[in-house]
Amino acid sequence: MSLVTRFAPSPTGFLHLGHAFSALTAFGAAQAAGGVFLLRIEDLDQGRCRPAFETAIFEDLAWLGLSWSLPVTRQSEHLARYASALKRFAELGLVYRCFKSRRSLSAEAANAPHGPGEAFTGAPLPEAEECARLAEGQAFAWRLSIAACQAFLGPRWERLSFEADGTRVTAKPGVLGDAILGRKDFPASYHLASVMDDAAQGVTDVIRGEDLREAAHLHALLHALLELPSPRYRHHRLILGPDGRRLAKRDQAGTLRALRDAGATPEGLRRLLGL
Ligand code: GLU
């Protein structure tokens, strides 16, 4: 089977050097294997996504010299797909409503793969308390219960594994705690949607930064629960800013637009990134 990979940015800011490295690495792997490079717009955080950032993604990637197979998919167009998975998880008792903190209830917590989450483990509230909170209209997040998943999978739990960087890895699905899969008013999160989309798009190789190494453990569990094939994972090094931290969208100086406006060329950036 030929290699299918993707770049999956969120239009919540302008792309920076770290995105360029990720996109060029995935694109290069697809080219080298005669495979397919897809572009997926991960626009679940509707409060922070902007059409202008999406337009800029296309412009910046084209400027870098990348091209991608069509169609470009947008996660906001597939909410019904994620909702049906979440509903099934609820029916099976694999997710529970968590009313915990404002932060855990925010769209940002659900859709920022690199945080601001902390490994949270909880349990459903007693029924009477849950009913009372629901009657009050309180917000909640749907969290995947690692304990319930372990019970549900039985002996298969111990055998969960995936291939990362050429090695078979035994999955530790609880490493991120009880991850958020949705919210009261929104049926998806980064983890749920990206796993479902990679499968729906036939992605064979997920190539992304090593800051998402732990996410693959949770994703292996989601593959088992959703009966989806597990892709291979490749993790690349991170591009760090002058302060030694991973570049983030708030670092305006590192955006591809700012670099281009300052006279950078795509060739110069490739050299700078060691490509
Ligand atoms: N939208 C995610 C990000 O921008 C994609 C992560 C992934 O490639 O799975 O980090």
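Both counts, for ligands and for their atoms, begin at 1 and track the order of listing.
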>> Quick one, Gln75 with Asp197, criterion side-chain hydrogen bond (donor to acceptor under 3.5 Å, both in side chains). Give me CA distance, side-chain angles, the key distance, then yes/no.
In response: CA-CA 8 Å; Gln75 292 189 321; Asp197 287 352; 2.9 Å; yes
> Got a sec, which residues hit side-chain hydrogen bond (donor to acceptor under 3.5 Å, both in side chains) with Glu136, two or more places apart in sequence or on another chain?
Replying inline: Gln138
>> For the 3.5 Å polar cut-off, considering only N or O atoms, please tell me whether Ala8 and ligand 1 meet it.
In response: yes
> Should Ser194 be counted as touching ligand 1, given the test is an N or O pair under 3.5 Å?
Replying inline: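 No, no N or O pair falls under 3.5 Å.
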>> Is the terminal nitrogen or CZ of Arg237 (NZ for Lys, CZ for Arg) located under 6.0 angstrom from the six-membered ring centre of Phe21 and within 45° of that ring's axis?
In response: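 That pair qualifies as a cation-pi contact.
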> Would you say the side chains of Gln201 and Arg40 form a donor-acceptor pair under 3.5 Å?
Replying inline: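 Indeed, the side chains of Gln201 and Arg40 share at least one donor-acceptor pair under 3.5 Å.
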Proximal ligand 1 atoms for [X], defined as those under 4.0 Å from one of its heavy atoms:
| X | value |
| --- | --- |
| Pro113 | 2 (C), 3 (C), 10 (O) |
| Ser10 | 1 (N) |
| Leu212 | 6 (C), 7 (C) |

> If you measure from the Lys or Arg side-chain nitrogens to the Asp or Glu carboxylate oxygens, is any gap between Glu267 and Arg271 under 4.0 Å?
Replying inline: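 Looking at Arg271 together with Glu267, the answer is no, because their closest N to O distance does not fall below 4.0 Å.
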>> Measuring from atom 1 (N) of ligand 1, which candidate in Glu42, Arg40, Arg6, Arg208 has the nearest non-hydrogen atom?
In response: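 Minimum heavy-atom distance to atom 1 (N) of ligand 1 goes to Glu42.
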>> With the threshold set at under 4.0 angstrom, would you say Phe7 reaches ligand 1 through any of its heavy atoms?
In response: no
> Listed by chain and number, what are the ring-ring contact (aromatic ring centres under 6.0 Å, His included) partners of His223, not counting sequence neighbours?
Replying inline: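 Checked His223 against ring-ring contact (aromatic ring centres under 6.0 Å, His included); zero matches.
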